[in-house]
Amino acid sequence: QVQLVESGGGLVQPGGSLRLSCAASGIIFSIYDMGWYRQAPGKQRELVADITKGGSTNYPHSVKGRFTISRDNAKNTVYLQMNNLKPEDTAVYYCNAAYPSIYWGQGTQVTVSS
């Protein structure tokens, strides 16, 4: 059974930081591209960051320079370090594993508010 379990979400003030973790089980983690997506109320799910099995990373303009994705294949875990958080970063954040199959975590809430 494949499981992606996110943790690390919460409430943070603008300008603050959070680190999300996603622990994977039931897959050969090292062969999967991993990603973080987010979905705010009333909006479509969007890519936040992804990292290939080879370690190449990709970020949209909205988070580039503030967010950093990394992976630890020995721990079957992908991380998202989020710095200088803004209210518009408020969303449910989802972990994704892609190729050869696609899997999603259950999501973790991130709220940026003063």
Side-chain angles (χ1 to χ4, degrees):
Q1 181 182 0
V2 177
Q3 283 193 308
L4 301 179
V5 180
E6 301 100 333
S7 61
L11 173 64
V12 63
Q13 292 187 340
S17 297
L18 283 175
R19 187 173 86 149
L20 305 183
S21 300
C22 171
S25 60
I27 60 172
I28 303 173
F29 182 80
S30 61
I31 71 170
Y32 277 80
D33 296 337
M34 300 299 297
W36 287 97
Y37 290 72
R38 68 186 179 189
Q39 189 166 18
K43 295 188 176 181
Q44 288 190 329
R45 191 172 296 190
E46 62 176 359
L47 175 70
V48 175
D50 60 27
I51 183 166
T52 68
K53 57 182 181 289
S56 298
T57 59
N58 175 55
Y59 305 92
H61 177 74
S62 58
V63 307
K64 191 171 290 186
R66 300 189 298 123
F67 290 11
T68 303
I69 189 171
S70 61
R71 64 190 297 161
D72 185 337
N73 288 346
K75 295 183 178 180
N76 289 359
T77 300
V78 61
Y79 304 97
L80 183 68
Q81 177 67 44
M82 305 186 293
N83 298 327
N84 190 22
L85 282 160
K86 304 176 181 182
E88 53 264 40
D89 295 317
T90 295
V92 178
Y93 284 69
Y94 296 91
C95 179
N96 167 272
Y99 314 118
S101 299
I102 297 176
Y103 302 102
W104 293 93
Q106 82 287 351
T108 186
Q109 177 70 45
V110 171
T111 302
V112 184
S113 175
S114 55

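What's counted below: heavy atoms across the whole structure, side chains too, no hydrogens, waters or symmetry copies. All values reported here derive from a predicted model rather than from experimental measurement. We're numbering straight along the sequence, starting at 1.
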Next on the checklist: Under the rule for side chain to side chain donor-acceptor pair (under 3.5 Å), what residues qualify as partners of S17, not counting sequence neighbours?
Outcome noted: N83

Next on the checklist: Quick check with a 6.0 Å cut-off and a 45 degree axis cone: is R71 positioned over the face of Y79's six-membered ring?
Outcome noted: no

Item to check | side-chain contact (heavy atoms from CB on, under 4.5 Å) between D50 and W36, intermediate numbers included | outcome: CA-CA 6 Å; D50 60 27; W36 287 97; over 6 Å; no

Item to check | From CA spacing to verdict: side-chain contact (heavy atoms from CB on, under 4.5 Å), F67, Q81 | outcome: CA-CA 6 Å; F67 290 11; Q81 177 67 44; over 6 Å; no

Next on the checklist: Show every side chain to side chain donor-acceptor pair (under 3.5 Å) that has at least one partner inside residues 20-31, sequence neighbours left out.
Outcome noted: none

Checklist entry - If you draw a 6.0 Å radius around CD in E88, do more than 12 non-hydrogen atoms from other residues or ligands fall strictly inside? => result yes

Checklist entry - Between P14 and S114, what is the shortest heavy-atom contact and its length? => result CD-N, 3.7 Å

Next on the checklist: The test is side-chain contact (heavy atoms from CB on, under 4.5 Å); show your working for Y93 and Q109 and say whether it passes.
Outcome noted: CA-CA 6 Å; Y93 284 69; Q109 177 70 45; over 6 Å; no

Next on the checklist: If hydrophobic clusters are built from ILVMFWY residues whose side chains come within less than 4.5 Å, do V5 and V48 share one?
Outcome noted: no

Checklist outcome for this item: Applied to residues 33-92, the disulfide (SG to SG under 2.5 Å) test, sequence neighbours excluded, yields none

Item to check | Which residues share a side chain to side chain contact (heavy atoms under 4.5 Å, CB included) with V12, sequence neighbours left out | outcome: L18, L85, V112

Next on the checklist: Going by disulfide (SG to SG under 2.5 Å), name the pairs with one or both residues in residues 23-67, residues two or more places apart or in two chains.
Outcome noted: none

Could you pull out all donor-acceptor pairs under 3.5 Å where a side-chain atom in residues 94-108 meets a protein atom, sequence neighbours excluded?
from: Q106; atom 1: NE2; to: E6; atom 2: OE1; distance (Å): 3.3
from: T108; atom 1: OG1; to: G9; atom 2: N; distance (Å): 3.4

Item to check | Qualifying residues under side chain to side chain donor-acceptor pair (under 3.5 Å), relative to Q3, sequence neighbours excluded | outcome: none

Checklist entry - Should M34 and Y37 be counted in the same cluster of Ile, Leu, Val, Met, Phe, Trp and Tyr side chains packed under 4.5 Å apart? => result no

Checklist entry - Who pairs with A24 by side chain to side chain contact (heavy atoms under 4.5 Å, CB included), at least two apart in sequence or on another chain? => result L4, I27, F29

Checklist entry - Which residue pairs pass the disulfide (SG to SG under 2.5 Å) test with at least one member in residues 35-93, sequence neighbours excluded? => result none

Next on the checklist: Can you tell me if I31 has over 12 outside heavy atoms packed within less than 6.0 Å of its CD1?
Outcome noted: yes

Checklist outcome for this item: Hits for salt bridge (Lys or Arg N to Asp or Glu O under 4.0 Å) against R38, two or more places apart or cross-chain, chain-then-number order -> E46, D89

Next on the checklist: Are V78 and V2 linked, directly or through intermediate hydrophobic residues, by side-chain heavy-atom contacts shorter than 4.5 Å (ILVMFWY only)?
Outcome noted: yes

Enumerate, atom names and distances included, each donor-acceptor pair closer than 3.5 Å involving a side-chain atom of residues 52-63, sequence neighbours excluded.
from: T52; atom 1: OG1; to: G54; atom 2: N; distance (Å): 3.2
from: T52; atom 1: OG1; to: G55; atom 2: N; distance (Å): 3.2
from: T52; atom 1: OG1; to: S56; atom 2: N; distance (Å): 3.0
from: Y59; atom 1: OH; to: I69; atom 2: N; distance (Å): 2.9

Item to check | Within-4.5 Å side-chain heavy-atom neighbours: P87 and S113 | outcome: no

